[in-house]
Amino acid sequence: MIDLALGWSVGIEGSFAIAPLLIALFGAPRVVLVVAILASATALAIGYTQSDPEVFALKTVVVFFAGLVAVALSYEQARAAQRAEEASLLDRLSSIGDTRMSLEETVDAVMAILVEDFAQGCAIQVVEDDHLRDLTGLGRGAKEGDVRGGEGDTGSNVLSLPLEARGRFLGVLTLRRSRREPFTAREARLARSISGRVGRSLDNAGLFDEFDSLSRRLDTVVSLLSEGVYIVSPAGRLLFVNETGSSLFGVDIDGPEQRAQIERALRNYRVELDDGTDLGDLSDCVRMVLDLGLYWSGVIRLLERSSHSQSWFQARVEPIEASGGDLLWAVMTLEDITPMKEREVTETILGRLGEIVAKEDDLARALQRFAETVVPNFADCCWLYLPSEQGFLRAWGMAHRDPARLDAMRETDRRHPIGLDQQLRVVEAQKGGSTAVFEVDSETLQAAAEDDLHLELMRKIDNHFGLVVALRDRGEVIGVLAFGNGSDSRRFTSHDAEIAELIGERSATIISNARKSREVAEITKILELDLRPAPLIAIPGLETAEIFESGESFSQVGGDFYEALESSDYWNIVIGDVVGRGATAAALSLEARDTLRVALELVQDPELALSSLDARLRARARNEQVTVALLRLPKADPRRLLVSSAGHPLPLLGDELGVRAIGDSGPILGLGIAGGWPEVECEWRDGAIAVLYTDGISEFRAEGEMFGADRIMSAMKPPDGAGKVAERIRSSLEVFSHDSVRSDDLAAVVICNRNGRRRSSGNVDG
Amino acid sequence: MKRFSVGSEAQDGKALIRPVGDLDLSSAQDLAEAIEAALDADNTEIEVDLSGVSFVDSTGLRILIEATTKAEQRSARLSLTKSGDQFRRLVELTRTAGTLGLE
């Protein structure tokens with residue numbers, strides 16, 4: 001159309017106007033400007049020589065106008081591209097702030113963007129403890145000395161901009177370009193936007209970094225704890241576990257599978273409280289505590305079901321609640337206290353057993369207490385057997401943590417006693433021959449059962465893991481100690497066997513002590529029977545009766561004695577009491593009786609006999625005393641009675657004149673007290689009754705009252721014979737005593753003068 | 001039977017011992033130990049107040065005789081005071097008043 005209007009040269013000359021426009025589509029504004037200027041100059045040169053002035057002017061205006069339009073288009077296009085780049089730059093910087101990068105990663109990313117797209121160099125300094133810390137080393141592209149220039153300088157090759165976020169000054173961003181490409185004012189404005197985004201990114205990175213650091217520190221601290229730490233959700237899911245907590249359950253892998261494995265492991269543990277209370281699965285326990293929402297702390301025993309091993313833990317569960325009171329999670333800590341607790345259990349058991357050995361003198365009670373002491377902390381059940389004379393073992397002590405199973409134990413012991421040989425074979429099959437640790441499977445159980453009921457009982461007892469100790473005293477097997485654990489409990493270890501042997505030693509001690517006590521009791525009984533006064537010899541013209549009962553203190557022999565002795569001119573009746581009890585008193589009693597017998601039979605002088613005994617007693621190393629009362633009946637004069645007393649209750653005489661004490665008390669023997677033992681003569685009437693007694697009778701007390709001599713005197717009325725008087729004294733004592741314990745011997749000799757009857761009938765009673 | 005107990009106090013070389021209950025086989029040793037302790041503490045005058053003792057048997061008597069002898073050996077004086085009728089009868093029967101310093 002131009003060619004048609006302006007002639008043949010229009011096409012060529014038109015290109016001067018079109019060329020800048022075309023180049024403006026692709027070229028930079030500067031190129032478009034140059035092309036427009038060149039096109040305008042060429043059009044002017046050609047048109048000046050070849051065209052008329054009017055045409056020339058028109059062509060020139062068209063070319064110039066086209067050049068201007070092309071330049072304008074080019075600049076507009078360049079600005080649009082720059083705005084897009086700026087927006088992209090800012091977006092990319094913003095995106096850094098939205099990610100969970102560490103501070104180091106953030107600095108690196110920011111510097112990479114800025115150095116590549118905005119500046120040739122970049123430095124970041126952050127405020128730390130009131131001074132600026134250069135993070136340049138953290139990022140790439142920064143160079144030393146980059147931090148220069150004033151804040152927000154324009155037209156400069158260096159820009160220093162504040163880094164701020166949430167109103168807080170974080171540091172300084174420094175951007176650098178070569179002097180040939182200084183920052184423009186627009187770029188300076190853009191740099192402020194950049195610094196804002198960089199500030200937010202660093203703030204976020206700082207926060208995340210702080211959080212990560214805190215978490216890492218917490219992890220580090222928690223991992224250093226010797227306790228296992230578990231964080232559990234309200235639903236019972238394990239959210240966190242530290243390294244110790246993981247290793248406690250034999251799990252050493254890290255990651256999600258670790259928690260799953262621990263969750264599975266928790267279900268494999270049975271929990272018991274310190275007192276043996278069964279709490280079921282560990283996972284159930286945790287859930288139970290969660291449901292209660294309460295802080296709980298205590299010692300627990302974990303029994304691992306597959307290995308049948310046990311561990312002791314100090315456990316704590318603390319619920320963490322939200323502000324509204326809802327349970328967020330619970331923190332459970334487990335501290336392995338197995339060695340300490342096992343030591344404590346052992347020491348406690350051995351300590352209690354020691355007390356039983358020291359204090360309990362009843363064997364049956366002691367052995368039962370032994371069995372009860374070791375259950376449940378050492379074993380689920382325990383038997384303490386002693387061999388019977390038939391060669392069977394009978395349980396003297398039995399205990400089971402479950403009362404229902406204890407009944408089964410009793411029934412089994414009653415119905416199916418175990419042979420001693422049977423148990424010893426088990427023990428002696430083991431190394432050392434004193435302790436056996438074994439496991440009882442169902443086949444063994446069936447083989448051992450004597451009948452179906454026996455099998456049922458044994459199954460009920462559930463003695464799956466066994467430990468047997470032979471109790472020996474000087475090589476002789478004196479008993480068997482057996483422990484059992486159920487199939488869901490723990491297996492006995494070699495350490496348990498060592499403890500069992502210590503328990504066995506104490507058991508053997510108490511059994512041995514009891515055997516010795518029994519032997520001592522038997523010896524005492526024999527001694528007492530030997531020391532027991534023999535029946536009085538028959539004395540012509542006398543009816544005699546005796547009362548003798550030893551005190552309840554069975555093992556304490558000694559005490560009272562009486563005897564009838566014949567010398568050439570007298571019948572002597574002696575009654576005495578040794579002060580004190582036991583073997584020493586028994587020996588003293590024998591010596592006193594022997595001394596008096598010799599003196600009275602040979603010398604026939606009561607004072608000499610008593611003084612001899614006094615001297616003998618003082619010659620002994622111990623401070624010992626004896627009291628004696630002595631009646632002498634002259635053979636030549638049956639109507640006379642001679643009485644002596646050495647600190648002893650005076651004999652009582654009953655006749656038609658009444659009942660009265662006779663004689664004069666001399667000093668107790670053994671102290672060498674001067675004054676002698678004068679013999680007093682009394683009339684010994686026909687039918688008269690004389691009673692010699694020890695203070696065991698007169699001082700016998702019941703319900704705060706003393707029997708006293710008055711009751712003896714009452715029993716002597718009427719004086720109707722020695723046997724009847726003795727019977728009345730005995731009855732009176734019985735009525736008086738009720739059920740009171742007699743600690744002393746009771747001894748009395750009753751004699752009745754029957755010489756008149758003898759004379760009239762020629763018979764002798766006695 | 002009354003439960004036996006022994007109270008004691010001492011000041012300026014003088015000790016006062018108060019047994020309460022029956023002085024017999026089961027309790028005599030407690031009194032013996034109390035008197036022994038008073039002697040070990042170098043008391044030169046020991047009074048045994050028997051007002052709380054309702055009964056003394058031969059073992060109790062022996063302990064008192066032993067204590068009196070020990071006190072003499074250590075140049076101390078043991079006196080038995082406020083004794084009851086039963087004890088006096090026992091002393092009379094055994095003629096131990098002189099030994100016990102009760103004459």
Side-chain angles (χ1 to χ4, degrees), chain A residues 551-553 556 558-560 576-582 585 588 614 617-618 622-629 645-650 661 663-678 694-696 698-706 708-709 740-745, chain B residues 1-5 19-33 35-36 39 50 52-74 78 80 83-103:
Chain A
E552 294 290 327
S553 306
Q556 294 187 312
D560 300 355
D577 186 1
V578 173
V579 176
R581 307 283 292 173
L588 180 60
D614 185 52
L617 294 174
R618 279 186 288 130
R622 298 167 188 271
N623 180 17
E624 294 162 326
Q625 291 87 45
V626 174
T627 67
V628 173
S645 171
H648 198 87
L650 295 175
D664 188 9
S665 187
I668 190 170
L669 303 175
L671 294 173
I673 298 171
W677 298 270
T694 60
D695 60 5
S698 59
E699 294 176 354
F700 176 55
R701 281 162 296 151
E703 297 182 354
E705 191 183 357
M706 198 177 292
S740 299
V741 174
R742 295 190 313 276
S743 58
D744 202 359
D745 295 343
Chain B
M1 188 182 294
K2 289 180 186 173
R3 182 182 288 274
F4 188 79
S5 64
V20 176
D22 293 346
L23 184 58
D24 56 16
L25 181 69
S26 63
S27 59
Q29 192 55 37
D30 292 346
L31 177 60
E33 287 172 5
I35 296 172
E36 185 75 26
L39 288 169
L50 294 170
V53 176
S54 53
F55 173 76
V56 181
D57 76 351
S58 53
T59 307
L61 178 67
R62 191 190 72 183
I63 291 298
L64 292 173
I65 291 168
E66 281 180 356
T68 305
T69 309
K70 276 185 189 171
E72 283 174 3
Q73 289 167 351
R74 297 199 199 183
L78 185 140
L80 306 176
S83 56
D85 291 343
Q86 187 270 336
F87 180 65
R88 282 197 290 275
R89 282 198 299 275
L90 180 64
V91 170
E92 188 182 344
L93 182 71
T94 54
R95 299 289 171 89
T96 49
T99 307
L100 294 168
L102 295 172
E103 286 181 339

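When reading the values below, keep in mind they use all heavy atoms of this one structure, side chains included, and skip hydrogens, waters and symmetry mates. Predicted model, so just to flag it, every value in this text is computed and none were measured. Residue numbers begin at 1 in each chain, while the letters A, B, ... track the order of the sequences.
Shortest non-hydrogen contact noted between A/S665 and B/T94 is OG-N, 4.4 Å. Nearest heavy-atom pair, A/H648 versus B/L93, reported as atom, atom and distance to 0.1 Å: O-CD1, 3.0 Å.
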CA sep, side-chain torsions, deciding dist, call: A/D695, B/S58, side chain to side chain contact (heavy atoms under 4.5 Å, CB included): CA-CA 9 Å; A/D695 60 5; B/S58 53; 4.3 Å; yes
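Residue contact with chain A, scored on non-hydrogen atoms closer than 4.5 Å, involves the side chain of B/T99 exclusively.
A/L671 CG to B/R95 CZ: the interatomic distance, rounded to the nearest 0.5 Å, is 13.5 Å. Note that the CD atom of A/E699 and the CG atom of B/L90 stand 6.5 Å from one another [nearest 0.5 Å].
Residues A/R701 and B/D57 fail the side-chain proximity criterion, which asks for heavy atoms closer than 4.5 Å.
Counting heavy-atom pairs under 4.5 Å between each of A/G675, A/G670, A/G666 and chain B puts A/G666 at the top.
The local environment of CD in B/E92 is sparse, with at most 12 non-hydrogen atoms from other residues, nucleotides or ligands closer than 6.0 Å.
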